[in-house]
Each structure stands twice: as structure tokens, then as C-alpha cells.
Amino acid sequence: MSKYHFNNIEAKWQKYWAENQTFKAHNQSDKPKYYVLDMFPYPSGSGLHVGHPLGYIASDIYARYKRHKGFNVLHPQGYDSFGLPAEQYAIQSGQHPSKTTKENILRYREQLDRIGFSFDWSREVQTSNPDYYKWTQWIFIQLFESWYCNKHEQAFPISELIKLFEEEGNILINVRCGIKLPDFTSKSWNGYSEEKKQKILLNYRLTYLAETEVNWCPELGTVLANDEIVNGISERGGYPVIRKKMTQWSMRISSYAERLLKGLDKLDWSDSIKEIQRNWIGKSIGASVMFRVSNENQEFQGATINTFTTRPDTIFGVTFLTLSPEHELVDKITTIEQRHDVGKYIEASAKKSERERMADVKNITGVFTGAYAKHPLTKKSIPIWIGDYVMAGYGTGAVMAVPCGDQRDHDFARHFNIPIVNIFEGIDVSVEAFVNKEETIITNSDFINGLSYEEATQKVIEKLESIERGAMEINYRLRDAVFSRQRYWGEPFPVYYKEGLPQMIDIKHLPIQLPEVERYLPTKTGNPPLGRAEVWAWDTKKNEVVPNNKIDYKSVFPLELNTMPGWAGSSWYMFRYMDAHNKEVFASKEAMDYWENVDLYIGGSEHATGHLLYSRFWVKFLFDRGFLKVNEPFKKLINQGMILGESAFVNRIDGKNQFITESKLGNLIVQPIQTDVSFVNNSNELDIDAFKKWRPEFKDAKFITEDDGTFKVSREVEKMSKSKYNVVNPDDICEQYGADSLRMYEMFLGPLEQAKPWNTAGITGVHSFLKKLWKLYHNGAGESFLVSDDPATKDSLKILHKTIKKVEEDIENFSFNTSVSTFMIAVNELRSQKCNHKVVLEPLLILLSPYAPHIAEELWNKLGNNESISKAPFPVFDEKYLIENTKEYPISFNGKMRFTMELSLDLSKDEIETAVMAHEKTKHYLKGRKPDRVIVVPGKIVNIVG
RNA sequence: GCUGAAGUGGUGGAAUUGGUAGACACGUUGGACUUAAAAUCCAAUGAACAGCAAUGUUCGUGCGGGUUCAAGUCCCGCCUUCAGUACCA
């Protein structure tokens, strides 16, 4: 038992940590608190590959470091266990998603345990667990029971809104909510039926049921949120997405747009991720401008088209209006002559999928409505067009077109021969629009002639406000988030329907558990899978879920058939860890007061516009309603980069079952066949026999090899994925090299936030470092433990303190990669000094233990310590060991470095100069010349010029 | 198009923030040990030129300029790659 048997050591300490609950966090402590969190994984069927633990290793290093630094550290882990893949698998296999999920979680746990994380598993959460989603449902109800007041920039209980309606109607409230509903007085409110009141209230609630245009994915049979679509196709599966009108639950995240934007300034997140969120929220300041319709159709004379513009200064350049095809007034204002063309155009554009519309950007299409509107300032009549370059979802779905100042308006005007009016001094706009607002001088524009963009904008807004035809307005790109999914494996809504109106189930009766279904597909009538459940009705007398055949619409009502999206459970889980088993509340006040929010959050940047935005929204809402003390979930965020795989390809000669080695490819036409990377060694040589056995069609394949008989593959770096056969399993690495090697190597690969390719061959470097470390604590042959109590040499102490300083700085800066190098250098130097002194070797283990906890625990134990190394305080850096009397000064001539010279540190500037000029080598380089001047930067450099 | 990040040996990547570019590791080559392999250890390794040699000289951080005694690092102008986003008015 003297060699470095990492497998035994690692198993031993993992067992020890579990049995002693070494990493259990307590909700009370004299120590300062620190909360380190990973984005919890979705437990997929393929298990973990070496890329997944990267962020977990980083957070584990930091958590362990903080413990050494005397913090009470909360470092939990759990599973985001609702989601599409388990359900897709259930559809194919008929197996219940909960079964698959449970199996996958077990497998994940095994894999995670093997890497030696310091998670407090007693706080584990699973979003698909009813004890957990009870509170997801509870939050949903709270959102339903709340409205947002812009005046106070805060959410309030809906009961207060009802009180306001009873007292003053909704006229002022609408202004405060930014909602456009017919006004009513308190008197008429009080006279409304209960049903009408409920319908009105739905327009104010923070989660609401509404017919909205949604992204429908026919292949997946569900709607998708904007962030679940990439390039017009679904993020999962890559299926086409079309626009469809459906009644859906939505979250009024748009109410929080301004606060979500402002809150970013105070967060310690990377600039890039903040910028992504800022762009996604997409604030633009401009004005609304109203145009009255004035067509011959008497009935709609006086209808008003509201437009949004960021360039009010260009208002005198307006020559037409464009409405989106979906605009509500299109139908009303179109003249009888134009009705046919308009109808055809709308039909055609509705058929286009999101993707086609995007691909079609260069094609200018549109149609004239026949109607005209009056310009609010010039009173001129301008035509109203329809064009699908105007989006229904942004602004008001209508634009005032200024062809001289906007390229799209310009293109449209030229295509349809609409006049272009120039309002820019000294600019030619006949070929393209002039869009540089900073250099604008306005002309041809009545009272704003000669003004700059800012001045003109302000004057125009003032004018429009005075004649009540517009106002300053702020618009956000951020849309309300669709919250319904037509799927089985998600949180059921705590909602039943009475007379077509949604009713919340009292929170006393939560959770509403997912019902059993026979199959996981939509019903024949197109209802979601929950439509197949036979026990899915709500009995308002018994307050429980009962069979559907009991529905009488008097006391038993049908339940909601949709389920919640994946981001529901992940939007608040960071608070559940604080008090994971609480049955009364989602987490106790004491626990939340103590832990506050996450100090350090580590996860991928792909969640920038999804999870990271939604959870900020929910936290702000829970804060408003007094359920939370904090209004941001994550103080500091680190986005770890992806670890990529190195795929291998064998090249098949076109049309033949014959493969050719890399170097002989020449100009041959070949098809690269992706092959399993386990058949390929470090020199890119293919194991031909393994490859032949892999697939029956390759059994008789012929191989044109290199001259030495080997066959070389082509390689390419891409995402690690089962379908690319380039997955490396962390279990295999642990088996062969140990978890400590895996942990250190993942850190060593490169900067945490950067994407980098995995190369198993390189792991021997850190692995042999650990072996050398082991030998440092044993006698030369690595036979017996040998650490001396003698005082250490000055040089050894210097190495130790250099290492303390560097490692501490590195961890604080999350430069874990350079720390690993620091350890390697330290161990090499200590070995060359034959250092075996406890005073040096003991602190070294504490430094190393966040990175390689198992070997550190083992050696720590061998040094005679009975407690886990994780309880040891971080070594204190002492500068006195690094102070030197002399220093190597670089001496350069004309900026070119020539040699170094050892000089005493207490020399003055002049003394250094004298010493340098007297040096033999200086004379050699000067070759008798006299220098123009000598520059001495004390402590740094001497430069001789001339 | 817009926004953000980044370009350094054969490879992954260092560089105290303006001060000896290429740390550390992989790979490669040579050597030691061994019957052999594995393991381990040692040495060399940016390029070019000169020299038997120690060594020396020149070039070198995407490209072109600039500031400075001194630039991978700062400034100006480009190029390329990656990521996010997009008829957003």
C-alpha cells in the first residue's frame, strides 16, 4: 500500500465523506455564508460525458476553497427532471417518463459521485417530484393573483386592484398598467356580472389566459417560447415552426422589462451575457404617432392607426403607412376594390412559416389597402399599405414609413413607386436611405428645419403631445412568455374551468399530481396528452381530483390539459435548496434570510435568454409580493465554455466499399464516414478490426493503408454527442487515471469560460504530476511514508509561499488552469530540493485539496490528521519568505534585451546605473560608444540608449 | 447588417496588465533502465543563418501604420474566426 492507488483512495474518501456528512451545510452558523450553485442538469438517457462536469468541478473547487477560508458554504445539487426527451422516449417505448427519469437520475448520481464533488445531497431537489412542483404550482397561483402597477413599479395582490376598480374604475389603472382596454367607471364595474369581472381581471393578472399568436411546432405537437427557437426551427429536434393562434397561458414578463434591464447593472456577470439579455429585452425610446384613417368608407372614417417610431424627427418624411398583415384594422379599412388583393396577400403571408419568412427577407411584398390616412402635422393624405416586413408582435404592428430615412421603407417605396420625400440637408437619398441620425440636419420640415436629431425629436414630441396625436413612448422587444405546453411530462396547472373561465385550486389542496395516461400522444381531437387521462376532473366539494365521468359542470369541472414549460421548475429552485424539505412553505423565512441569494452561479451561456431571464423575473415578482428578501437570484455568474469532442472520420472512396488513409487522399472523391473515437489511438491510427466489426456493411471493406501498414483517420473538432460517436465517458477516465486526474485535467485544459477540445492523451501530464506528488511524501522509491518534522529550508518555504500566493489569486480570479501549472512547478522544485518537511508539505495539501481532494485527504490523513482536510484553514501567505536581497535586472540596449545582471535591491537609481555601466557585458555591447542616456526603472529594468 | 468575444510554436495554452514572448503540459526526436514492453528518469524542441563548439546574429504574437527607451499588451485603420441577434420601425 505504498504506490498511488487512486481507485482505492478515491472510493475510500468518497465513502468517508458520505458517512460523515462532511459537506452538509447548516442553516445557522457563526461563519459568514457563501452559496455556490451549479445549473442543475437535465438527467438525459445518455449519461454524462466529460464536458458536463467542467462547471461542476469549477464550482466544487471554489466551494472547497471557501470552506478552507472559513465560510459556511451551501453547495447543493439536484435535477431539472421534467422535459421533452423523457417524454419522446415514452412515446416510442410506452415506458412511463417517471421511470426513465428515475433510472437516469440514478445513473447521473453514480457518475457524479465518482468525481468526488462536495455536494450537500441532503438538500437534493427534483423538479418532477410532487413535493417540489407543489410550490411551482403555488407560485403560478401567486402570479395569477397579482397585477403589475407601473406607477409603483411593483406587483400587488389582485384584491387591491379589485378595490381600485370598485373605487375609481380602470381609467387611471390602464395608464398605470399600459393596458389598452375600454375604460369603465367604478359604477359600471360594480354593476358587472361576476363572469365579466373575471374576464376583465384576466387582462391584468401576471399570468393570464389569452388567445395569442404562438410558435407552433407540428412535429413536436406543442408550442414553443421564442428562446426555444433557433433560426426558425425548434431548438430540440430541429423541426419547423409555424405561427398559429391559440388560447394559452402567458407570463406578463414584459411588465418587468425595465427592471430586468436596470438590474443587470448591479450584477457581477460577464459583459457578454449581460449584453445578450439587454439585446433580448431590446429597449427603444421613441414616440407613438397617431394617424386618422380617412377613406371613402364612411363607417370607418376616424379610425386611428397608432404607429411607433424611434425617429420622430423624420416625421415630415412620411409618405405612407405600412401595417402588418395581422393588424386588427386591416379588415376594417380596406376598400371594396382592394379587398380581393388584400385577402390573397394576407392568406399567403399567414401560410409562411417562420423560416420561410426569414429566408424571404430580400423579396419585397406588399399590397395597397385603398385607404388613406391624414398626416397629423401636414394634414396631407398618405396611402396605407400592408407589408410583411412589419411585424405584428413589435411596437404597434404599424409603422410610419419614411423612405428617405429607413432602408426598408426606401426599398418598399421604390418597389411600389411610392414617392420619396427628402428631409436631409445636403444628402442624396435617391439610391439609398440616410440612416445616420448623429449627422442629421433636418430640412424641408416646417418648424424643425435646421435642427439636429435630438432637438427635432424633442420638438416633434412636444408638438404631437399638444395636439394629442402622439407621445413619447418606450418599446421593448421582450414579449410575454407563453407558459402552456401541450405535453405530458411537466407540471400540471392547478386550474379547472368553470363556464369557460379558469379557476385556481386553493393552495391548501396542492400539489395537483400528474394523472396517469395510457399513451403520451395528443388525443384524436387534437387535445394535449392530459386529454387522455380518465381521472382528470376537479370536485369542488371534495376538493380532489376525480374521474372525468363525474363532470357535471356544477360542482365537478374539467381540469387544465396543458402542462407548464421546462423553465417553470428551474426558475426558483435555488431557493428550495435553502430549506429543501419544508412542507409548510417553499423555504422558511429564516433559511432565506440567512442564505439570501446565490453568491456564485456556474453554468452554460446558452441559458442567457431563457432560464437566466425567467428566474430573474420570478424572483423579482416573489420579492414584490414579500415572499423573498432579495430581488436577484444570482450575484455572480460564470459561464463555463463547452468541452468539444474530436470526431474521427474514415474516408470511403466514392461508390466503393473501400477506405483510404488520410495522406493518400489526393484529389479522390471520398465520403467521410463518422466513426467511433474509441477505435482510434492518439496517433490517429484506426483499429481496423474493431471498425469492421462495428457495422455489418464494413465487414468486407478493403483498406488502402499508409506504407507502414497503418490506417489514419481525419479528425475534426465538434460538439460532443452520441450521434457523432465522439463522446468520452468520465467513468472510463476515472477508472484509468482517477477522479483527481480528471478534475485537474479538465481545469488544465484552458480558461474556464472558453470552449476547448478534449484530448484524452494529454491527461498523462496531470496524472504523472499526481504520481510525483505521491512520491514527494514517500521515500525515493515511493515505498514508505516519509515526512520529516525538521525545519524546512528557506528555499522550500519560498516555494510554498509562492504557491500559496499564486493559487489564492488564481482561485479568486477563476483561473484554475494556471493553478494546475503552479502545482506542477512547485512539486518539481520541491522534489529537486528533496524537500520532505511537514511544515511545507502539509500546507501544500490544503492548497491542492480543492483541485484533487482525494489524494489530499489521503496524504493529510497519513500525516496524522484525524479530521477531513476540508476543515483545515487555508494557509496564510507570508511575504517574508519571498523577500530577496538581490534581483535579476534585465539590461537592454535600444529596447532590445541583451542580458540580465544580479543587483542588490537597496541600490539607488544612480548606483544601479554606475554598476551597469561598469559591467563587462555593457562595455562589450557599447563597443566604446557613449550612450545617449540610461533609463533605470527601479526594480524593473535598465535600458541603455544610444 | 448590428452587438459581443477572440486571433501567440506541430497542439492545448502562459505572460506579474507596457518590461527577458512561448511558462506548464501534450506531441515529436534522442538517450538511460529493461530480454522485451509498460512504467520511470534525463536531454533537445518557434524559425532562419553562421560556427567543430561554447555561442552569436536576424526574424517572430492575424495584416498595415502609430505612440514609447521598450508593445502580444496602448492608439488608428483593416482582415479572419467564433458566439448572440435580426425586416425591431
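Only a predicted model underlies this, so the values are computations on that prediction, with no experimental measurement involved. Proteins come first, then strands; the chains are lettered A, B, ... in the order of their sequence lines, and each starts at number 1.
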Counting heavy atoms from C-beta on, name the nucleotide in [options] closest to the side chain of [X].
X	options	result
Ser768(A)	C24(B), U40(B), U85(B)	U40(B)
Tyr394(A)	C41(B), A89(B), C26(B)	A89(B)
Ala761(A)	C24(B), G84(B), C26(B)	C26(B)

Expressed in angstrom and rounded to an integer, what is the separation of [X] atom [atom1] from [N] atom [atom2]?
X	N	atom1	atom2	answer
Phe823(A)	A25(B)	CZ	P	15 Å
Arg278(A)	G84(B)	CZ	P	19 Å
Glu913(A)	C69(B)	CD	C1'	13 Å
Leu644(A)	U81(B)	CG	C1'	14 Å
Gln277(A)	U85(B)	CD	P	12 Å
Glu753(A)	C82(B)	CD	C1'	15 Å
Glu606(A)	C82(B)	CD	P	19 Å
Asp388(A)	A89(B)	CG	C1'	15 Å

Rounding to an integer number of angstrom, what distance separates [N] and [M] when you compare their [atom1] atoms?
N	M	atom1	result
G22(B)	U67(B)	P	27 Å
A54(B)	G46(B)	P	15 Å
A6(B)	C24(B)	C1'	22 Å
A36(B)	G72(B)	C1'	48 Å
U20(B)	C2(B)	C1'	43 Å
G4(B)	G56(B)	C1'	47 Å
A89(B)	C74(B)	P	33 Å
U81(B)	C33(B)	C1'	48 Å

What I want to find out is whether [X] reaches [Y] closely enough, with some N-O distance under 4.0 Å, to be called a salt bridge.
X	Y	value
Glu275(A)	Arg278(A)	yes
Lys802(A)	Glu829(A)	yes
Glu879(A)	Lys805(A)	no

Using a heavy-atom cut-off of 4.0 Å across all strands, would you classify [X] as base, sugar-phosphate, or nothing?
X	answer
Lys772(A)	sugar-phosphate
Thr322(A)	nothing
Val390(A)	base
Met391(A)	base

Q. Any idea if G31(B) is syn or anti, going by the 90°-from-0 cut?
A.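 For G31(B), whose glycosidic angle is more than 90° from 0, the conformation is anti.
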Q: Please work out whether U29(B) sits syn or anti, treating a glycosidic angle within 90° of 0 as syn.
A: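 Anti.
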Q. Using the ring of each side chain (for Trp, its six-membered ring), is Phe412(A) parallel, tilted or perpendicular to Phe416(A), with breaks at 30° and 60°?
A.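 Geometry flag for Phe416(A) against Phe412(A): tilted rings.
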Q.
For Phe816(A) and Tyr851(A), take the angle between the two ring planes, folded into 0 to 90°, and tell me which bin it lands in: parallel under 30, tilted 30 to 60, perpendicular over 60.
A.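 Ring orientation of Phe816(A) relative to Tyr851(A): perpendicular.
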Q) Within the pair Asn828(A) and A25(B), is there a side-chain N or O less than 4.0 Å away from OP1 or OP2? A)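 So the side chain of Asn828(A) is within the cut-off, an N or O lying under 4.0 Å from OP1 or OP2 of A25(B).
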Q: Tell me whether the OP1 or OP2 atom of C88(B) has a side-chain N or O from Arg408(A) closer than 4.0 Å.
A: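 So the side chain of Arg408(A) is within the cut-off, an N or O lying under 4.0 Å from OP1 or OP2 of C88(B).
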Q) Can you name the ring pair (Phe, Tyr, Trp, His ring centres under 6.0 Å) partners of Phe434(A), sequence neighbours left out? A)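 With neighbours one apart ignored, the set is Phe424(A).
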Q: Answer with yes or no whether the side chains of Asn306(A) and Thr396(A) bring together a donor and an acceptor at under 3.5 Å.
A: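 Checked: Thr396(A)/Asn306(A) side chains show no N/O donor-acceptor pair below 3.5 Å.
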Q. Of Gly765(A) and Thr609(A), whose nearest nucleotide on RNA chain B comes first from the 5' end?
A.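 Going by which nucleotide is closer to the 5' end, it is Gly765(A).
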Q. Mapping Arg477(A) and His767(A) to their closest nucleotides on RNA chain B, which lands nearer the 5' end?
A.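 Residue closer to the 5' terminus by nearest nucleotide: His767(A).
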Q | Test item: Leu612(A) and Arg616(A) side chains (from C-beta on) under 4.5 Å apart, heavy atoms | A |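 A side-chain contact is absent here, since even the closest heavy-atom pair is not under 4.5 Å.
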Q: Apply ring-ring contact (aromatic ring centres under 6.0 Å, His included) to the pair Phe6(A) and Tyr737(A), showing each step before the final yes or no.
A: CA-CA 8 Å; Phe6(A) 48 86; Tyr737(A) 302 97; 7.7 Å; no
Q | Identified side-chain hydrogen bond (donor to acceptor under 3.5 Å, both in side chains) counterpart of Arg311(A) within the set Asp313(A), Thr309(A), Thr314(A) | A |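 Between Arg311(A) and the candidates, side-chain hydrogen bond (donor to acceptor under 3.5 Å, both in side chains) is satisfied uniquely by Asp313(A).
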Q | Residues Tyr345(A), Trp385(A); criterion ring-ring contact (aromatic ring centres under 6.0 Å, His included); working and verdict | A | CA-CA 11 Å; Tyr345(A) 182 72; Trp385(A) 285 72; 9.7 Å; no
Q: Using a 4.0 Å cut-off on protein heavy atoms (strictly under), produce a 5'-to-3' string for nucleotides 4-22 of chain B with B for base contact, S for backbone-only sugar-phosphate contact, and - for none.
A: S-------BSS----BB--
Q) Please, what dot-bracket string fits RNA chain B when only Watson-Crick and G-U pairs with both distances under 3.5 Å count, crossing ones use [ ] and pairs to another strand use |? A) (((((((..(((......[....)))((((((.......))))))(((((....)))))..(((((..]....))))))))))))....
Q. Taking the six-membered ring where the residue is Trp, are the ring centres of Trp280(A) and Tyr476(A) under 6.0 Å apart?
A.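 No, too far apart.
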